[in-house]
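Please find one structure pasted underneath; my questions will follow.
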Amino acid sequence: MKKTVKFMPPKKRRKFALTSGFNFYICILAGALVFTQALRSPLSSLMLVFVLILPVISFLYMLTALVAIKVYVKDSSIETVKNIPVDYNIKIINDAILPYPFIEADLIMPNDDIVRCVEKRVGLSLAPFGFYRIAEKPVFKYRGSYQIGVKKIYISDLFRIFRISLNIDVYTSVFVAPRRFVLEAKAGTSASDVNTDSTKNIIGVDRSELNEIRTYLTGDHMKNIHWKLSSKTQELMVKEFAMNSGKTIYIFVDMAANYTTEDKTYSDDINEFVADGVIETALAAALRELQEGNGCTIIWYDERIESGAQICKLQTASDLDRVFKMFATAELCGADKEVTRLAALATETQAVTMIFVTGMIDQDVVADLTGIAGLQINVELYHFSAAEKVADEKKLDAFAEREKACRDQLVLNGVNVYETKF
């Protein structure tokens with residue numbers, strides 16, 4: 001049975017505590033002592049005994065809740081794509097015949113904007129064999145890994161004398177995947193087919209060797225579908241060939257939280273918005289290069305590993321599928337993690353194309369990319385603009401002008417710039 005509850009900001013609490021009801025109990029105890037001394041009757045003595053043993057009864061009653069109250073989740077893990085409703089179901093259940101009217105729970109739930117999960121405290125009552133259900137269908141706007149569930153439960157006795165906490169830590173893990181897009185080839189070529197001195201001698205793609213047969217992925221060419229096998233299995237199967245190309249592509253992905261929301265110039269979720277656009281752009285660029293037969297290496301800052309930067313080498317579309325979840329859940333890093341520094345991790349500099357994907361371009365980025373292009377390396381910038389999240393309309397025009405000035409300057413210095421918007 002679900003009741004309407006009021007959300008309260010969570011505060012840290014001790015494992016065991018005396019509550020405000022304890023002060024009231026002391027007053028009752030003092031009154032019972034005076035009453036007993038004044039009347040000296042069996043009834044007053046009986047009342048004093050009851051008041052004396054009341055804390056023991058309350059404490060034992062409260063301990064029964066530790067065994068009786070349980071938390072269940074319908075699904076321990078859910079996978080979805082952003083902008084698709086997530087259906088989760090969590091129950092706090094009372095398995096005892098006793099009621100527990102004074103319970104509080106610390107929940108981890110999506111915030112009002114459904115951008116991130118935050119801790120909320122709710123007060124609830126559990127009838128005998130009753131339950132409290134947490135069942136919603138939030139629509140996550142951004143990719144990532146989220147946890148929804150119950151962190152702690154606080155139980156008070158009937159007289160509100162004691163309170164004890166119970167660590168629960170039961171969650172539904174939600175993986176929200178970014179969308180997959182396929183970038184159109186520019187003038188019938190891939191992003192790396194630019195005739196520069198460093199990419200003149202290109203070996204053609206050799207598709208003569210069959211590598212494997214796998215299920216169809218979004219963006220696969222129809223000509224590679226194994227129609228005979230697909231008709232037997234009742235699902236699309238794709239022939240994947242071993243690729244042999246002289247082109248090496250590096251894709252450097254900017255995961256820095258470059259924007260601050262303290263001055264209210266930008267929306268609160270600007271960094272999540274930009275990170276999603278950058279991730280989706282990088283995935284689309286990588287898929288297109290792989291389809292064109294180019295070896296592809298994706299590099300980004302990642303604090304989940306000891307080195308601080310993740311390097312994923314890809315040869316086929318199935319390689320991209322294997323690293324998809326790890327890349328999709330990459331977390332934002334500090335603004336000091338400049339994407340252009342990742343170029344130092346490239347192991348090859350001859351006959352390569354370096355693609356930088358970012359949501360922030362300024363004079364520092366222009367200077368760094370111009371310097372890399374000056375080393376006779378083919379440099380491309382994929383820019384996902386954050387203009388949509390500029391909250392101050394008075395500053396929007398100036399913001400757009402700065403971005404355009406930077407893009408124009410890069411083009412003049414031999415860097416190909418492409419704007420993306422999904």
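One is the number of the first residue; the rest follow in order along the sequence.
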Distance flag, aromatic centroids of Tyr61 and Tyr100, threshold under 6.0 Å: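 Centroid separation for Tyr100 and Tyr61: below 6.0 Å.
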Between Phe356 and Tyr382, does the ring centre distance come in under 6.0 Å?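 Judged by ring-centre distance (under 6.0 Å), Phe356 and Tyr382 do not meet the cut-off.
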Test: Arg116 cationic atom under 6.0 Å from Tyr146 six-membered ring centre, within 45° of axis: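 Not flagged: Arg116 not positioned over aromatic ring of Tyr146.
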State, to 0.1 Å, how close Ile377 and Thr349 come at their nearest heavy-atom pair, and which atoms those are.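 Where Ile377 meets Thr349 most closely, the heavy atoms are CG1-O, 3.9 Å.
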Describe, in one word, how the ring planes of Tyr259 and Phe399 are oriented to each other, choosing from parallel (under 30°), tilted (30 to 60°) and perpendicular (over 60°).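 Ring orientation, 0 to 90° scale: tilted.
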Nearest-0.5 Å distance that lies between atom OG1 in Thr64 and atom CG in Leu98: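 Thr64 OG1 to Leu98 CG: 5.0 Å, rounded to 0.5 Å.
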Keeping to residues at least two apart or across chains, list the side-chain hydrogen bond (donor to acceptor under 3.5 Å, both in side chains) pairs with something in residues 390-400.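 Residue pairs with at least one partner in residues 390-400: Thr265-Lys395.
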When you look at Tyr88 and Asp75, which way does the side-chain hydrogen bond (donor to acceptor under 3.5 Å, both in side chains) test go after all the steps? CA-CA 7 Å; Tyr88 68 87; Asp75 299 296; over 6 Å; no
Pick from Ile168, Val122, Ile148: which one makes a side-chain contact (heavy atoms from CB on, under 4.5 Å) with Leu107?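 Among Ile168, Val122, Ile148, the one that satisfies the side-chain contact (heavy atoms from CB on, under 4.5 Å) with Leu107 is Val122.
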Ser77 side, atom OG; Gln147 side, atom CD - distance, nearest 0.5 Å: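 Here the rounded value is 11.5 Å.
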Report the relative orientation of the aromatic rings in Phe324 and Phe175; use parallel for angles under 30°, tilted for 30 to 60°, perpendicular for over 60°.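 Because their plane-to-plane angle is over 60°, the rings of Phe324 and Phe175 count as perpendicular.
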Are side-chain heavy atoms of His383 and Thr420 found at a separation under 4.5 Å?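 No, side chains not in contact.
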Which is it for Tyr250 and Thr347 under the side-chain hydrogen bond (donor to acceptor under 3.5 Å, both in side chains) test, yes or no, and what are the steps along the way? CA-CA 10 Å; Tyr250 287 97; Thr347 56; 3.1 Å; yes
Check for me whether the distance between the ring centres of Phe16 and Phe162 falls short of 6.0 Å.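 They qualify: ring centres under 6.0 Å apart.
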Under the salt bridge (charged side-chain N to carboxylate O under 4.0 Å, His left out) test, residues paired with Lys337 that sit two or more places apart: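 Applying salt bridge (charged side-chain N to carboxylate O under 4.0 Å, His left out) to Lys337 gives none.
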Please confirm whether Lys389 makes a cation-pi placement over Phe273, using NZ or CZ under 6.0 Å from the six-membered ring centre and within 45° of the ring normal.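 Output yes; distance and angle both within limits.
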